[in-house]
Amino acid sequence: MHDIRRIREDGARFDTAMKRRGIEPISATILEADRLWRQGTTELQSLQQRRNEASKQIGLLKRDGQDASALIDEVADIKTRMQDIEEQGRLLEARLDEMLAGLPNYLGENVPDGAGEDENQEIRRVGTPPNFVFTPRDHVAIGEGLGLMDFAGGAKLSGARFVVLKGMLSRLERGLANFMLDYQTKEFGYTEISPPAMVHEHALYGTGQLPKFHDQQFQTTDGFWLIPTAEVPLTNLFAGEILDQADLPVRLTAYTQCFRSEAGAAGRDTKGMIRMHQFGKVEMVSIADPEHSEAEHQRMTGCAEDILTRLGLAFRTVLLCSGDTGFSAHKTYDIEVWLPGQDGGAGRYREISSCSNCGEFQARRMKARFRREGAKKNAFLHTLNGSGLAVGRTLIAVLENYQQEDGSVLIPRALRPYMDDLERISPAA
RNA sequence: GGAGGGGUGGCCGAGUGGUUGAAGGCGCACGCUUGGAAAGCGUGUAUGCGGGUAACCGUAUCGAGGGUUCGAAUCCCUCUCCCUCCGCCA
């Protein structure tokens, strides 16, 4: 949500900022509605003032047993006049809210301009993609070869974009989630949370999925929404709260199932389990003050990268360009893991984590504030979120990177404690 | 699902139609006191919006929305959340 005052100060600057998001100039429309609204508000307030004065006098007159009918008539007249202005004001305010709530966050200054993911800026590459003496297969071939990845079963139960994992592959998924949670909590000081996976509408509004992206979400018949990411419950935990600056940053992590309709993604990633309607993800959320959110963002990205390093997976980190940065984000780093089985064995980097600093954009929507030490006024918090990591895609990465020519898959050393020290998953005899 | 009770400022908590934006307490800030600290004493301390260079003025806000009334934290309706008991249930 944008601060209307900032737009009033410099509408042209706002338009320039939004233009980077591909949005046509809108400040004039907003400011005109704002002007009308303020005009109405001022008029309404002077009427209210007169009404309040008259009411007090009426009270006094009546107490003294005098006639107050003239004033009562005046108030009745004022009320009639107020009705129209109030109605107008409500409409204008709703229109303003609608416009403001539908506009994306400001982009960070160092966010590169660009139309889409091709123009993201690579920050660093870490690790070395493995060499294969054979043509590496993709995770579908590997998983089905192991007899432990069942897309037909997923389709039977739920249709496309669902999968059933079995045996040690199911175990691998659980092991990965536990490994990540242990790492985030023990190494990086995140507090583990077990949040609801269904939330009210206002929570999705708070983090910015609503109102604009309602078609990306699943809604139950009685009005709940399935979370598309644990970012939603974790961040909204602070809605309406006022924190002490001394308690910052707050770092939370959660492993949850995530649900996405993937509307508009028809035809993309239809094969395999890269893009599912339901997937597990360990999410990190940090709540920081404005002075420290940038450092916290770097730290958070590092926490996600560290998981990959520990798993021995090669990755690259990219700074998303303007066209690829999400609605609520001020600045986003994507971490892309090397998947050697993609593109017929040529290999390819694919997103496995997305770490965003949302600045005060979400905090403003959900009224999450903090008491600044030494200052009188409360200020909006900065909210950050990042995957640490997407479990399903990590499972894919492990399969494709650790596959052996005989169809078996080695278990990364860091994961073996979570797999009863199993070294290898082999096809069922 | 049935019955009942609640939602008041950063927190706790009074307040059932008329200068109540709201007693009191806690917390916090500043000052006095002290060798220093604690205690004690004093003063101050909600937020949004509009107007104003500013001091400040106005207005709204007691879960949300609507209504009754000259006037609503107080009365009525709807919604929402929390709690208790019963029922059902992982």
Side-chain angles (χ1 to χ4, degrees), chain A residues 1-9 30-101 194-206 210 219-225 233 236-248 250 257 287 289 360 363-381:
Chain A
M1 176 64 86
H2 288 285
D3 184 358
I4 183 77
R5 282 170 299 191
R6 211 166 139 180
I7 304 174
R8 278 183 207 145
E9 277 166 22
I30 291 173
L31 290 176
E32 176 60 10
D34 178 54
R35 191 185 66 78
L36 289 171
W37 176 77
R38 279 197 284 176
Q39 199 177 58
T41 301
T42 304
E43 199 181 340
L44 183 67
Q45 288 187 354
S46 56
L47 287 173
Q48 284 169 328
Q49 180 177 8
R50 179 58 201 147
R51 181 200 62 188
N52 291 345
E53 282 168 0
S55 292
K56 269 178 195 168
Q57 283 174 26
I58 291 167
L60 292 173
L61 287 172
K62 285 203 163 180
R63 196 185 57 192
D64 298 342
Q66 298 184 46
D67 174 46
S69 54
L71 282 170
I72 290 175
D73 287 348
E74 185 190 342
V75 170
D77 178 53
I78 289 174
K79 279 180 68 175
T80 316
R81 286 161 62 196
M82 276 170 58
Q83 276 176 356
D84 270 0
I85 304 172
E86 271 182 325
E87 180 59 24
Q88 282 285 333
R90 263 197 293 271
L91 286 173
L92 283 166
E93 198 173 3
R95 237 181 77 201
L96 262 174
D97 276 351
E98 196 188 319
M99 284 192 279
L100 291 174
S194 185
M198 298 161 85
V199 296
H200 278 134
E201 189 167 298
H202 66 79
L204 280 161
Y205 178 86
L210 291 180
Q219 188 176 18
T220 68
T221 52
D222 50 359
F224 287 106
W225 298 74
N236 276 285
L237 235 24
F238 301 92
E241 297 293 321
I242 300 177
L243 306 184
D244 285 321
Q245 189 166 25
D247 295 332
L248 302 174
V250 182
Q257 295 297 311
I287 308 296
D289 62 43
E360 62 175 43
R364 201 174 268 286
R365 291 169 91 94
M366 65 177 75
K367 294 180 176 53
R369 293 166 293 174
F370 73 103
R371 265 184 294 272
R372 206 186 268 286
E373 276 156 23
K376 243 189 137 175
K377 279 178 77 78
N378 297 325
F380 286 111
L381 290 158

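Naming convention: chains lettered A, B, ... in sequence-line order (proteins, then strands); numbering from 1 in each chain.
Nucleotides B:U45 and B:C26 are separated by 13 Å at their C1' atoms, to the nearest Å. Taking atom C1' in both B:A64 and B:U53, one finds a spacing of 38 Å when rounded to whole Å. B:G48 and B:C62 have their C1' atoms separated by 15 Å, with the value rounded to a whole Å. Taking atom C1' in both B:A60 and B:A22, one finds a spacing of 15 Å when rounded to whole Å. Separation of the P atoms belonging to B:G87 and B:C70 is 50 Å when rounded to the nearest angstrom. Nucleotides B:C32 and B:A23 have their C1' atoms positioned 27 Å apart, rounded to a whole Å. Distance noted for atom C1' between B:U20 and B:G35: 47 Å (whole Å). A gap of 44 Å separates the P atoms of B:G31 and B:C83, to the nearest Å.
Here the P atom of nucleotide B:G50 and the CE atom of A:M82 are 18 Å apart, to the nearest Å. Per the geometry, CD belonging to A:E93 stands 15 Å off P belonging to B:G48, to the nearest Å. Taking atom CG of A:L91 as the reference point, atom C1' of B:G65 lies 16 Å away to the nearest angstrom. Counting to the nearest Å, the C1' atom of B:G50 and the CG atom of A:L47 are 14 Å from each other. Between the CD atom of A:E201 and the P atom of B:G65 there is a distance of 16 Å, given to the nearest Å. Following rounding to the nearest Å, A:E43 (CD) and B:G51 (P) show an atom-to-atom distance of 14 Å. In this structure, A:F370 places its CZ atom 18 Å from C1' of B:A46, rounding to the nearest Å. A straight line from NE2 of A:H202 to P of B:G65 spans 15 Å, rounded to a whole angstrom.
Here B:A60 sits opposite B:U47 as a Watson-Crick or G-U wobble pair (both hydrogen-bonding atom distances under 3.5 Å). Across all strands shown, B:G87 forms no Watson-Crick or G-U wobble pair with both distances under 3.5 Å. Of all nucleotides present, none satisfies the Watson-Crick or G-U wobble test against B:U74 with each distance under 3.5 Å. Across all strands shown, the partner of B:G40 is B:C32, judged by Watson-Crick or G-U wobble contacts whose two distances both fall under 3.5 Å. Pairing for B:U16 is absent, judged as Watson-Crick or G-U wobble with the two contacts each under 3.5 Å. Within the shown strands, B:C26 is the pairing partner of B:G10 under the Watson-Crick or G-U definition, both distances less than 3.5 Å.
With hydrogens and angles ignored, the 3.5 Å screen pairs no side-chain donor or acceptor of A:R364 with any backbone N or O of A:H2. Under a 3.5 Å cut-off, the side chain of A:D3 and the backbone N or O of A:R5 do form a donor-acceptor pair. In this structure, A:R51 contributes its side chain and A:S46 its backbone to no donor-acceptor pair below 3.5 Å.
Electrostatic pairing of A:E53 and A:R50 counts as a salt bridge here, judged by a charged N lying under 4.0 Å from a carboxylate O. The existence of a salt bridge linking A:R6 and A:E9 is excluded, since no basic side-chain nitrogen approaches an acidic carboxylate oxygen closer than 4.0 Å.
Distances shorter than 4.0 Å separate none of the side-chain N or O atoms of A:R38 from OP1 or OP2 on B:U59.
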Q: Encode nucleotides 8-13 of chain B as B, S and - characters from 5' to 3', where the letter depends on protein heavy atoms closer than 4.0 Å: B to the base, S only to sugar-phosphate, - to neither.
A: --S---

**Q.** Base versus backbone protein contacts along nucleotides 67-76 of chain B [heavy-atom cut-off under 4.0 Å; B, S, -]
**A.** --BBS-----

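Annotation: the span from A:L92 atom CG to A:I85 atom CD1 amounts to 12.0 Å, rounded to 0.5 Å. Once rounded to the nearest 0.5 Å, the distance linking CG of A:L47 with CE of A:M82 reads 6.5 Å. Atom CD1 of A:I4 and atom CG of A:D97 lie 9.5 Å apart (nearest 0.5 Å).
Nearest-nucleotide assignment on RNA chain B puts the 5′-proximal partner with A:D34, out of A:D34 and A:Q45.
Across all strands shown, A:R5 has heavy atoms under 4.0 Å from sugar-phosphate atoms exclusively, and none from any base. Residue A:R35 is classed as having no contact, given no heavy-atom separation below 4.0 Å to the nucleic acid.
Distance from the side chain of A:H200 is smallest to B:C81 among B:C81, B:C49, B:G58.
When side chains are defined from C-beta on, A:D77 counts as touching A:R81, because their heavy atoms get closer than 4.5 Å. Between A:F238 and A:L243 there is a side-chain heavy-atom pair separated by less than 4.5 Å.
Residues satisfying the ring pair (Phe, Tyr, Trp, His ring centres under 6.0 Å) criterion with A:H202, sequence neighbours excluded, are A:H200.
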